[in-house]
> 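Sharing a structure below in structure tokens format, with a few things to ask.
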Amino acid sequence: MKEIKISIIGFGSIGKGLVREIIEKRDFLLRKGYDLKVVAIADKNSSEIDINGLDLANVLKKEEYSYNKTALDIIYEVKQDIMVECTPSNIIDGNPGLSHILAALNSRINVVTSNKGPFVVAYDKIIESADKNNVSIGYEATVGGAIPIINLIKSNIRADKILSIKGILNGTCNYILTRMQKEMLDYEEALFEAKELGIAETDESYDVKGIDTASKLVILANSLMKMNVKYTDVKVEGITRITREALELAEEIDCTIKLIGEVNKEERLLRVAPRLVPFNHPLSVGGTLNVIMLNTDIAGEITITGRGAGPKETSSAILSDIINIADERL
Amino acid sequence: MKVKMKLELKDEPGTLIKALLPISKYGGNIVYVVHDREKKLPNGNITVQISIEANKDQVREIKNALEDEDIGILSIDEVKLIEDLAFIMIGHIVDTDIKDTIDRVDNTGFAEVIDLNLKMPNIKKESSARIIIRATGKEEMKKCVDLINKIANEKDFVLIYPLMLETQNERD
């Protein structure tokens, strides 16, 4: 039996969703030989700590936590194998996630995260810190939610060079465009509906302006294609000016319009833009689904689709990274 | 340019090579050969479809050589303009001089707008247009895409490219 002690830094919807899955999967993981213990959780200003493992069902019920220790206190003071970083993403300076991640790595704690910001602003620095300290960093959850794109390439597509990646990396945009097409809604109407359903956030700009897609593209380009690019290298056009009429015109030639993120190494092209996608093309997936198509020098095209966001879907990626690290390091 | 030819051959050993030799002799590049022995013509002969890349003079010489060899040419589909792409533009398309947009493509000499479809919901809203552009080849189409991009930037259009833009070039 492998004991895995983790802390969860950032206890919003992703952190809580992860705890729910850990409770749900406890017996399953035990049977597989993993005794996963959450030794600390930290919210903005408060935390729960139990070095023998928290009573997770009880933690979920709480509205206030018992300690006023900060995330950094927990990283420095609580003995743990893996720090799971789930604070909100910030692509300007990567913080607070970046400081948490670097602190953990430099304290020789493995890290798993769903937080894009740190990887958009400081990919190299994070990877160097992990290498230098001989610890692992798992970031599958930063791109494509439940779609195992990073681990797929790192573990299973070993000898191929990735020539290009394109796909739908934002479920909110996909939902809005799908509804505009299916129900012939205007952009504002579809956006309103997405907000009512909780698919779009109150401030939707991060999604609909293409910023989220561009951030994920930067992570894919740096981590899977060794391109060493920044957010500002991406040409970004969102979906805010897409009209119902444009979707009609697309439909007349058997196409739809999707917000596609695309990176091509040879052409050094990084672009987020609405594109005409034929209905029968593998990238033409509807609703909130995400889809990623790789083009490699040996395998050719590989397409993978799945749910791109949400606490449960993200937990799938986080748990996979945790177990991978347990296998490698513990 | 790309040329598709449909030839009639006797169903005997050696006839296909006889049909292919003139193509290489005159410098044509074979893109594909579909040799279907299942579908026979009423006279028992078979057809073969060949797509080649060759210039006009080469095509003429190949055609003459095939006729000299008594190989029946069922059809030559000489495609002069081989690249068609559809784009959608959103913006103040009419107010920003739609004629200028079309003329600038047509005046390139290697590309033209062959279809334009415009939807204008009401005067306050941006209109949407689908244009289909035909260019004389891949390189020409690439130049044309750059031009359209430039026009879209100048006139503040959202330009919706076809997805296959790069993939087509990668594959060929």
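Naming convention: chains lettered A, B, ... in sequence-line order (proteins, then strands); numbering from 1 in each chain. Excluded from the calculations below are hydrogen atoms, water molecules and symmetry mates; all remaining heavy atoms, backbone and side chain alike, are included.
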> Which members of residues 195-234 of chain A, sorted by number, sit under 4.5 angstrom from chain B on a heavy-atom basis?
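Residues qualifying by a heavy atom under 4.5 Å from chain B are absent, so none.
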> What I want to find out is whether B:Lys119 reaches A:Glu252 closely enough, with some N-O distance under 4.0 Å, to be called a salt bridge.
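A:Glu252 and B:Lys119: salt-bridged.
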> Does any backbone or side-chain atom of A:Leu283 lie under 4.5 Å from a heavy atom of chain B? Answer side chain, backbone, both or neither.
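Contact with chain B: side chain only.
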> Under 6.0 Å from the six-membered ring centre of A:Tyr187 and within 45° of its axis: does the NZ or CZ of A:Arg179 meet both?
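The answer is no; the distance or angle limit is not met.
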> Taking CD1 in B:Ile123 as the centre, count heavy atoms belonging to other residues, nucleotides or ligands within less than 6.0 Å. Is the count above 12?
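12 or below, so no.
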> One thing to verify: whether A:Glu262 and A:Lys166 come together as a salt bridge, which I'm taking to mean a side-chain N less than 4.0 angstrom from a carboxylate O.
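Between A:Glu262 and A:Lys166 there is a salt bridge, with a charged N closer than 4.0 Å to a carboxylate O.
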> Is the closest basic N to carboxylate O distance between A:Asp186 and B:Lys125 below 4.0 Å?
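Between B:Lys125 and A:Asp186 there is a salt bridge, with a charged N closer than 4.0 Å to a carboxylate O.
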> Consider side chain to side chain contact (heavy atoms under 4.5 Å, CB included). Of A:Asn115, A:Ile150, A:Val120, which one does A:Thr142 pass it with?
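Single pass found, and it is A:Ile150.
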> With distance as the sole criterion, is a donor-acceptor pair present between the side chains of A:Thr314 and A:Ser114 under 3.5 Å?
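A:Thr314 vs A:Ser114: no donor-acceptor pair found between side chains.
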> Looking at B:Met120, I'd like to know if its CE atom is crowded, meaning that more than 12 non-hydrogen atoms belonging to other residues, nucleotides or ligands lie closer than 6.0 Å.
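Atom CE in B:Met120 is not crowded, with 12 or fewer foreign heavy atoms closer than 6.0 Å.
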> Would you mind checking if B:Asp146 and B:Lys150 are paired as a salt bridge, meaning a charged N to carboxylate O distance below 4.0 Å?
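Looking at B:Asp146 together with B:Lys150, the answer is no, because their closest N to O distance does not fall below 4.0 Å.
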> Determine whether a donor-acceptor pair (N or O, by modelled atom type, separation under 3.5 Å) exists between the side chain of A:Glu313 and the backbone of A:Arg307.
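Side chain of A:Glu313 to backbone of A:Arg307: no pair is present.
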> Tell me the closest heavy-atom pair linking B:Phe110 and B:Cys144, and the distance in Å.
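Of all heavy-atom pairs spanning B:Phe110 and B:Cys144, the closest is CE1-N, 4.2 Å.
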> Side chain, backbone, both or neither: which part of A:Leu249 has an atom under 4.5 Å from a heavy atom of chain B?
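Both backbone and side chain of A:Leu249 come within 4.5 Å of chain B.
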> Relative to chain A, which of B:Asn117, B:Ile132, B:Ile90 shows the most heavy atom pairs under 4.5 Å?
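Top count of heavy-atom pairs under 4.5 Å with chain A: B:Ile90.
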> Which residues from residues 151-159 of chain B are near chain A, with near meaning under 4.5 Å between non-hydrogen atoms?
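Residues of residues 151-159 of chain B touching chain A at under 4.5 Å: B:Asp156, B:Phe157, B:Val158, B:Leu159.
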